[in-house]
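Here the structure is a predicted model, which means the values were calculated and not measured. Numbered from 1 within each chain, the chains take letters A, B, ... in sequence-line order. Values reported hereafter were calculated over all heavy atoms of this structure, with side chains retained and with hydrogens, waters and symmetry mates removed.
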Number of protein chains: 2
Amino acid sequence: MTMLLEDDMAVTDVAEPFEMSLAAISKHLSILTRAGLISQEKRGRVKWCKLEPDAMRDASVWMQGFGQFEPVNLDAFERFLAAELADPSKTS
Amino acid sequence: MTMLLEDDMAVTDVAEPFEMSLAAISKHLSILTRAGLISQEKRGRVKWCKLEPDAMRDASVWMQGFGQFEPVNLDAFERFLAAELADPSKTS
DNA sequence: GAAATCGTCAACCGATTGGTTAAATATCCC
DNA sequence: GGGATATTTAACCAATCGGTTGACGATTTC
């Protein structure tokens with residue numbers, strides 16, 4: 001899969017690579033916004049969309065511990081992520 | 001959310017806490033099996049289900065890197081998980 | 001061998017999803 | 001003001017989803 005939202009993008013920009021109506025894309029983006037996966041800010045007539053990586057990351061944290069009998073230490077996991085995001089060379 | 005599948009469970013066991021027909025649960029479990037999230041093995045007349053944590057973990061790995069401009073090092077992430085699962089005291 | 005248990009299959013159903021078009025609402029630009 | 005651009009809304013539609021019930025095959029138990 002390719003990147004969905006790079007930096008801030010207008011609804012029209014997001015829609016461009018898809019062979020789908022703008023209205024459909026607009027609906028999708030509303031749903032993603034309701035879900036907290038992106039945020040939208042209207043400036044003038046264009047509505048700028050940007051990723052909210054925290055939401056996806058939260059889901060990731062939830063999933064990665066799923067089904068573990070001895071649950072993975074989520075604090076340690078989050079520290080790993082924080083370290084990785086701050087300085088990728090540390091964890092590599 | 002509570003645990004869905006503890007150790008190995010028969011289809012009937014999985015269905016027990018839900019007020020839903022056995023047929024419906026059976027369908028759900030087939031779907032989960034097709035998706036690789038659980039596996040099913042039929043022994044006699046009972047079909048034993050068990051979680052396949054790797055599938056969920058793979059999804060988690062995919063998600064956790066989503067939307068990162070400077071992508072998180074997935075190898076490091078997987079090493080973290082391996083270490084955590086092998087010996088939780090190491091990462092805590 | 002008859003009855004009970006385990007699970008699936010087939011047919012069916014209403015609700016939801018995921019898209020379409022067309023019209024409407026703002027905003028920007030000349 | 002008027003035309004172009006950006007986005008949302010409303011009505012609509014076919015397809016899919018998520019459940020039901022009842023019949024069925026296979027297995028175990030008595």
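Here C:dC9 is the nucleotide among C:dT21, D:dT7, C:dC9 with the atom lying nearest to any side-chain atom of B:A23. Out of C:dT8, D:dT7, D:dT20, the shortest distance to the side chain of B:A24 is found at D:dT20. For B:S21, taking side-chain heavy atoms from C-beta onward, the closest of the listed nucleotides C:dG7, D:dG19, D:dT20 is D:dT20. Checking D:dT7, C:dG7, C:dT20 against every side-chain atom of B:A10, the shortest atom distance belongs to C:dG7. The side chain of B:M20 approaches D:dT20 more closely than any other nucleotide in the set D:dT20, C:dG7, D:dT8. For B:S26, taking side-chain heavy atoms from C-beta onward, the closest of the listed nucleotides C:dC6, C:dT8, D:dT7 is C:dT8.
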>> Run A:R43 and A:W48 through side chain to side chain contact (heavy atoms under 4.5 Å, CB included) and show every step you take.
In response: CA-CA 7 Å; A:R43 232 156 31 228; A:W48 298 98; 3.5 Å; yes
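Atoms NZ (B:K42) and C1' (D:dG25) sit 9 Å apart, rounded to a whole Å.
Mapped onto DNA chain C by nearest heavy atom, B:I25 and A:I31 fall at different nucleotides, with B:I25 at the one closer to the 5' end. Judged by closest nucleotide on DNA chain D, A:D13 is the one of A:D13 and B:E19 placed further toward the 5' end.
The phosphate of D:dG19 has OP1 or OP2 within less than 4.0 Å of a side-chain N or O from B:H28.
Hydrophobic clustering (side-chain heavy atoms under 4.5 Å, transitive across Ile, Leu, Val, Met, Phe, Trp, Tyr) keeps A:I31 apart from A:I38.
One donor-acceptor pair, N or O on each side, does fall under 3.5 Å between the base of D:dT5 and the side chain of A:R45. For A:K27 against C:dG18, a side-chain-to-base donor-acceptor contact under 3.5 Å is absent.
The closest donor-acceptor contact from the side chain of A:D58 to the backbone of A:A55 lies at 3.5 Å or more, if one exists at all.
Partner of B:V11 under the side chain to side chain contact (heavy atoms under 4.5 Å, CB included) criterion, chosen from B:K42, B:E16, B:Q40: B:Q40.
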